[in-house]
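Single-structure report; data block below.
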2 protein chains.
Amino acid sequence: MGGFALRHKRPIRMTPQRTTILEAVRQIHGHPTADEVYERVRRVLPRVSLGTVYRNLEILAQEGMIQKIESGASQKRYDGNPSAHHHLRCLRCGRLEDAPLKRPLEAMEALAETQGYEVFGFLLEFVGICPACLGGEDSGGNGRRSN
Amino acid sequence: MGGFALRHKRPIRMTPQRTTILEAVRQIHGHPTADEVYERVRRVLPRVSLGTVYRNLEILAQEGMIQKIESGASQKRYDGNPSAHHHLRCLRCGRLEDAPLKRPLEAMEALAETQGYEVFGFLLEFVGICPACLGGEDSGGNGRRSN
DNA sequence: ATAACTGCAAATCATTTGCAGGGGC
DNA sequence: GCCCCTGCAAATGATTTGCAGTTAT
């Protein structure tokens with residue numbers, strides 16, 4: 001859950017920057033912020049710009065190669081694992097870890113034992129297209145939306 | 001879900017601004033943004049500042065009187081219903097509606113029929129305190145955290 | 001060749017914060 | 001009377017974008 005790609009395919013070019021950014025997201029443990037990716041990429045390509053990192057994280061997420069995690073914090077995080085799984089965030093330090101994919105209430109209990117968290121609750125949000133938008137213009141056009 | 005209050009109680013004073021802001025959140029259909037609340041409050045109290053609206057939305061959420069919804073969008077939204085329920089967001093227009101509280105996968109199917117949405121997926125994030133933070137300093141002090 | 005892509009810097013934009021005065025309790 | 005609360009304005013900070021030059025395909 002994260003990249004709900006709607007984009008009309010455009011040729012995507014694998015530049016050194018893009019490749020390095022993808023690797024960085026995959027290599028960094030946890031779920032890096034754009035800045036953390038930037039720091040890491042700079043070790044290899046000292047001249048990349050933060051703007052490029054943002055642009056590529058967005059594109060990689062839309063291509064389904066990574067996940068963009070936008071829930072519950074002001075800073076977005078990225079995840080090299082594009083398959084469905086959920087997260088566990090610490091209210092104090094902001095740490096973000098993977099959570100086992102189970103039913104929410106069962107999982108909440110399991111989490112305390114398994115990972116030593118004190119779990120207060122969870123955020124659940126469904127994402128889709130509303131009837132009004134479905135009725136109006138067709139799927140064409142923009143693609144980049146929301147958030 | 002939403003207000004995971006951790007705050008040490010401080011006396012909370014019901015000023016006209018705070019009262020009006022609370023009413024606005026309750027009255028506005030859907031799930032207003034801070035700006036929408038501001039607009040509405042201004043009709044009654046033309047001199048309120050946007051800063052005051054933000055401060056009070058935060059406090060009301062921490063008191064558990066409203067919910068602060070921070071998932072999946074750059075603009076936070078607020079919800080006059082403080083009890084547990086989930087949401088359904090449109091990728092195109094950003095509309096945010098209530099979703100029935102069921103198991104995610106069942107709910108996804110139900111949503112298409114019930115509300116006419118085309119549902120792509122869902123965001124699920126657990127929120128709590130990680131072992132490191134639990135180990136370190138006790139619960140004392142700040143209260144205001146994360147995001 | 002020709003889009004896509006990049007670096008750079010400036011722009012956005014929601015949200016937060018410092019401050020000095022004001023008003024609930 | 002105390003301290004919480006307010007309006008105002010400035011600050012913050014993550015993310016985005018315009019532009020002119022570069023490069024992958």
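Numbers restart at 1 for each chain; the letters A, B, ... are given by sequence-line order, proteins then strands.
- Atom P of nucleotide C:dC5 and atom CG of A:L60 are separated by 10 Å, given to the nearest angstrom.
- Partners of A:Q27 according to the side chain to side chain contact (heavy atoms under 4.5 Å, CB included) rule, which considers only residues two or more places apart in sequence or in another chain, are A:E23, A:R40.
- The CD1-P distance, from B:I59 to C:dT17, rounds to 12 Å in whole Å.
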Between the protein and nucleotides 22-25 of chain C, are there any N/O to N/O pairs under 3.5 Å, and if so, what are the atom names and distances?
unit_1: C:dG23; atom_1: N2; unit_2: B:R13; atom_2: NH1; d: 2.8
unit_1: C:dG24; atom_1: N2; unit_2: B:R13; atom_2: NH2; d: 3.1
unit_1: C:dC25; atom_1: OP1; unit_2: B:M14; atom_2: N; d: 3.3

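- Legend: residues meeting ring pair (Phe, Tyr, Trp, His ring centres under 6.0 Å) with B:F126, ordered by chain and number and at least two apart, are A:F122.
- Using a 4.5 Å cut-off on side-chain heavy atoms (C-beta onward), A:V25 and A:L60 make no contact.
- B:T33 is linked by a side chain to side chain donor-acceptor pair (under 3.5 Å) to nothing, counting only residues two or more places apart in sequence or in another chain.
- Rounded to whole angstrom, the span from the CD atom of A:E58 across to the C1' atom of C:dC5 amounts to 16 Å.
- Residues of residues 31-56 of chain A having a heavy atom closer than 4.0 Å to DNA chain C, listed by number: A:R47, A:V48, A:S49, A:T52, A:R55, A:N56.
- Among residue pairs with one or both ends in residues 37-71 of chain A, none qualify as ring pair (Phe, Tyr, Trp, His ring centres under 6.0 Å); sequence neighbours excluded.
- For A:A110, the side chain to side chain contact (heavy atoms under 4.5 Å, CB included) partners at least two apart in sequence or on another chain are A:K102, A:T114.
- Each end of the helix from C:dA1-D:dT25 to C:dC25-D:dG1 gets its own rotation axis from five pairs of C1' atoms, and the angle between them is 50° to the nearest 10 degrees.
- Remark: B:T15 engages no residue in a side chain to side chain donor-acceptor pair (under 3.5 Å) (not counting sequence neighbours).
- To the nearest angstrom, P of C:dT16 lies 10 Å from CD of B:Q62.
- Take A:E39 and apply the salt bridge (Lys or Arg N to Asp or Glu O under 4.0 Å) test, not counting sequence neighbours, and it matches A:R42.
- Rounding to whole angstrom units, NZ of residue A:K68 and C1' of D:dA14 are separated by 12 Å.
- Under the side chain to side chain contact (heavy atoms under 4.5 Å, CB included) criterion, A:D98 pairs with A:H31, A:D79, A:H85, A:H87, sequence neighbours left out.
- With rounding to whole Å, B:E63 atom CD is found 9 Å from D:dC5 atom P.
- Counting to the nearest Å, the C1' atom of D:dT15 and the CD atom of A:E70 are 12 Å from each other.
- Regarding contacts with the backbone of D:dA24, every side-chain N or O of A:Q17 stays at 4.0 angstrom or more from both OP1 and OP2.
- For A:Q115, the side chain to side chain contact (heavy atoms under 4.5 Å, CB included) criterion is met by A:L88, A:E97, A:P100, A:L111, A:Y117, not counting sequence neighbours.
- Atom CG of A:L57 and atom P of C:dT6 are 11 Å apart (whole Å).
- Counting only distance, with no hydrogens or angles, the side chain of B:Q17 and the backbone of B:V53 share no donor-acceptor pair below 3.5 Å.
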